[in-house]
Amino acid sequence: ISPAWWPVLALASPVLAPALWARGRVFCRDAEEAAADNAARIAATRPLDLPEVDWLELRVLADWRAKEGYRGEAGVSCLFRTPLGSLLFDVAFGDETGVVAHNAARLGIKPSDIDAVALSHLHNDHMGGTEAFRAKAVRFPASLQPAKPVPCFLPAAASADGFEARVVEAPRLLTAGIASTGPLARRLFLLGRVEEQALVVRIRGKGLVVFTGCGHQTLPTLLEMVRRMSPDPIYAIGGGFHLPLSEGRLKGPGVDLQTILGTGKLPWQRIDEADVETTARAIRDAKPERLLLSAHDTCDEALRRLAAATPCDALVIEAGGVYRL
């Protein structure tokens, strides 16, 4: 928070301090509840009969970094393709910024190329913008809207006009040989409880690919769930890990919002080196061959540390990029 705000915070402290203290108590209680719910969900999970696919292709429609001729933003959207079909994972800020539509057009992606949609979680940078978040309604880019309703797999209840909205409650197969981990919970201080699902794909002769949206559920928790879903080795891990170590991507006037919002910590606590090492250790323990990092919610310094701390082939994905596994 910029020093320019300090006098305002000082004047507001008689009201702000008690409010933060009270909310902090509720936050700590709810955080424990979310962790207990995750433990119960993981314990109840049985191996899933995941089909093997010969290949997986990832086309990035939106991310923080972008290839020349493409546009980047602090949102995420990726089209997953396998020999069995396709699944669009998240829609970033949708038509609020136009990034997804612009990049999809340059990649040659048409509405008919989308067999189904899945949202990692219901935050504005994944479900179509601020109004979508406020209304709890997916705002899909108009230029990519399928001609007829296709499934939209949600981690929690929300509306999705023009789609067959289906709430995912536990690990299950979605479409195109792609599975969901089911929702895993995290209590955020200001944004409340968030339910987030990740994707799992089994590639013949290689193993599992695990891909996150924001990674609010934390990588150790997510990989614990994946191990319950399948005994196969993990071949690749990708997506966001929400590690704004030195800075965040979303900023307001004089405030680095991402270092405060969405970290799963009290607002006066920062993401630190121990958090990065916890994620790096989870990657090392999983022993993937490939790491596809998203800069969407993880700063450049944390990306560098993760790549250096893990022995696998690591790269940072970019909007406009096509990655084949």
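The residues of the chain are indexed from 1 along the displayed sequence.
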Could you tell me whether E169 atom CD has more than 12 heavy atoms of other residues or ligands within 6.0 Å of it? no
Taking the basic N atoms (NZ, or NE/NH1/NH2) and the acidic carboxylate oxygens, is any pair closer than 4.0 Å for E224 and R228? no
Scanning both residues in full, the closest heavy-atom pair of T259 with D256 reads OG1-O, 2.8 Å
Counting N and O atoms only, with roles assigned by atom type, does the side chain of D272 sit under 3.5 Å from a partner on the main chain of D275, one being a donor and the other an acceptor? yes
Mind telling me whether H121 and H216 have parallel, tilted or perpendicular rings, with 30° and 60° as the class edges? perpendicular
Between R284 and E277, does any side-chain N to carboxylate O distance fall below 4.0 Å? yes
Ignoring hydrogens, what is the shortest heavy-atom contact between S246 and R270? Give both atom names and the distance. O-NH2, 3.9 Å
Hydrophobic cluster membership, with links at side-chain heavy-atom distances under 4.5 Å among I/L/V/M/F/W/Y: are V194 and L184 in one? no
Look only at the side chain of R41 and the backbone of P183, and say whether a donor-acceptor pair between them is shorter than 3.5 Å. yes
For G69, does its backbone N or O pair with a side-chain atom of R106 as donor and acceptor, under 3.5 Å? yes
Under 4.5 Å between side-chain heavy atoms, counting indirect links through other Ile/Leu/Val/Met/Phe/Trp/Tyr residues: same cluster for I260 and L16 or not? yes
Between D37 and R193, does a salt bridge (charged side-chain N to carboxylate O under 4.0 Å, His left out) hold up when you go through it step by step? CA-CA 12 Å; D37 288 345; R193 178 166 168 145; 2.9 Å; yes
Check whether any side-chain heavy atom of V200 lies under 4.5 Å from a side-chain heavy atom of T181, and answer yes or no. yes
Please walk me through it: do L223 and I237 pass side-chain contact (heavy atoms from CB on, under 4.5 Å)? CA-CA 10 Å; L223 293 180; I237 298 174; 4.2 Å; yes
Atom of R305, atom of V276 and distance for their closest heavy-atom approach: CB-CG1, 4.1 Å
Which pair of non-hydrogen atoms, one from L122 and one from M127, has the smallest distance, and what is that distance? C-SD, 3.5 Å
Are the side chains of F163 and V138 in contact, using a 4.5 Å heavy-atom criterion? no
Would you find a donor on one side and an acceptor on the other, under 3.5 Å apart, between the side chain of N124 and the backbone of T130? no
Applying side-chain contact (heavy atoms from CB on, under 4.5 Å) to I178 and F153, what does each step give before you reach the verdict? CA-CA 12 Å; I178 302 169; F153 298 102; over 6 Å; no
Counting distance only, does the side-chain N/O of D95 pair as donor-acceptor with the main-chain N or O of A142 below 3.5 Å? yes
Checking R202 against L208 for the side-chain contact (heavy atoms from CB on, under 4.5 Å) test, could you report, in this order, the C-alpha distance in whole Å, the side-chain angles of both residues, the deciding distance, and whether it holds? CA-CA 4 Å; R202 184 185 180 200; L208 305 177; 3.8 Å; yes
Please examine the side chains of L293 and R65, heavy atoms only from C-beta on, and report whether any two atoms are closer than 4.5 Å. no
Single-linkage hydrophobic cluster, 4.5 Å side-chain cutoff, F241 and L245 together: yes
Once you round to the nearest 0.5 Å, how far does CD of E196 lie from OG1 of T212? 6.5 Å
Output yes when E289 and K206 qualify as a salt bridge under the 4.0 Å nitrogen-oxygen rule, no when they do not. no
Y323 side chain to E318 main-chain N or O, any donor-acceptor pair under 3.5 Å? yes
If you count every heavy atom of other residues, nucleotides or ligands that lies below 6.0 Å from K287 atom NZ, does the total exceed 12? no
Quick check: is I203 connected to F89 through a chain of hydrophobic side chains (ILVMFWY, heavy atoms under 4.5 Å apart)? yes
Check: N38 side chain, A185 main-chain N or O, donor-acceptor pair, under 3.5 Å: yes
How long is the gap from NE2 on H242 to SG on C299, to the nearest 0.5 Å? 11.5 Å
Interatomic distance, L154 atom CG to S180 atom OG [nearest 0.5 angstrom]: 10.5 Å
Of all heavy-atom pairs between P141 and V100, which one has the smallest distance, and what is that distance? CG-CG1, 3.9 Å
Say you draw a straight line from CD of Q197 to CG of L222; how long is it, rounded to the nearest 0.5 Å? 11.0 Å
Are L306 and V210 linked, directly or through other ILVMFWY residues, by side chains that come within less than 4.5 angstrom of each other? yes
Is a side-chain N or O of S230 found less than 3.5 angstrom from the main chain of V226, in a donor-acceptor match? no
Side-chain contact, heavy-atom cut-off 4.5 Å: W55 with R324? yes
Sidechain-backbone polar pair: R186 side chain, T263 backbone, donor-acceptor under 3.5 Å: yes
Answer yes or no: is there a side-chain heavy-atom contact under 4.5 Å between L20 and L266? no
Does any non-hydrogen side-chain atom of H296 lie less than 4.5 Å from one of H126? yes
One should read off an interatomic distance between H102 NE2 and L61 CG, to the nearest 0.5 angstrom, of 11.5 Å
I'd like to check L58 versus V322 (side-chain heavy atoms, cut-off strictly below 4.5 Å). Are they in contact? no
Please list every donor-acceptor pair under 3.5 Å in which a side-chain atom of residues 73-83 meets a protein atom from a residue at least two apart or in another chain.
| unit_1 | atom_1 | unit_2 | atom_2 | d |
| --- | --- | --- | --- | --- |
| E73 | OE1 | T97 | OG1 | 2.5 |
| E73 | OE2 | F93 | N | 3.2 |
| S77 | OG | D90 | O | 2.7 |
| R81 | NH1 | E57 | OE1 | 2.7 |
| T82 | OG1 | L84 | N | 3.0 |
| T82 | OG1 | A176 | O | 2.7 |

Hey, mind stepping through D63 and S294 against side chain to side chain donor-acceptor pair (under 3.5 Å) and telling me if it holds? CA-CA 7 Å; D63 209 303; S294 169; 2.8 Å; yes
Report the distance from atom CD1 of I271 to atom OG1 of T278, rounding to the nearest 0.5 Å. 10.0 Å
Under the side-chain contact (heavy atoms from CB on, under 4.5 Å) criterion, do L325 and L292 qualify, and how do the steps go? CA-CA 10 Å; L325 300 171; L292 283 70; 4.2 Å; yes
Any donor and acceptor pair, going by atom type alone, linking the side chain of D232 with main-chain N or O of G207 inside 3.5 Å? no
Are side-chain heavy atoms of H123 and C214 found at a separation under 4.5 Å? no
Output every pair passing salt bridge (charged side-chain N to carboxylate O under 4.0 Å, His left out) with a member in residues 115-126, not counting sequence neighbours, ordered by first then second residue. none
Looking only at heavy atoms, which two atoms of A116 and V150 are closest? And how far apart? CA-CG2, 4.1 Å
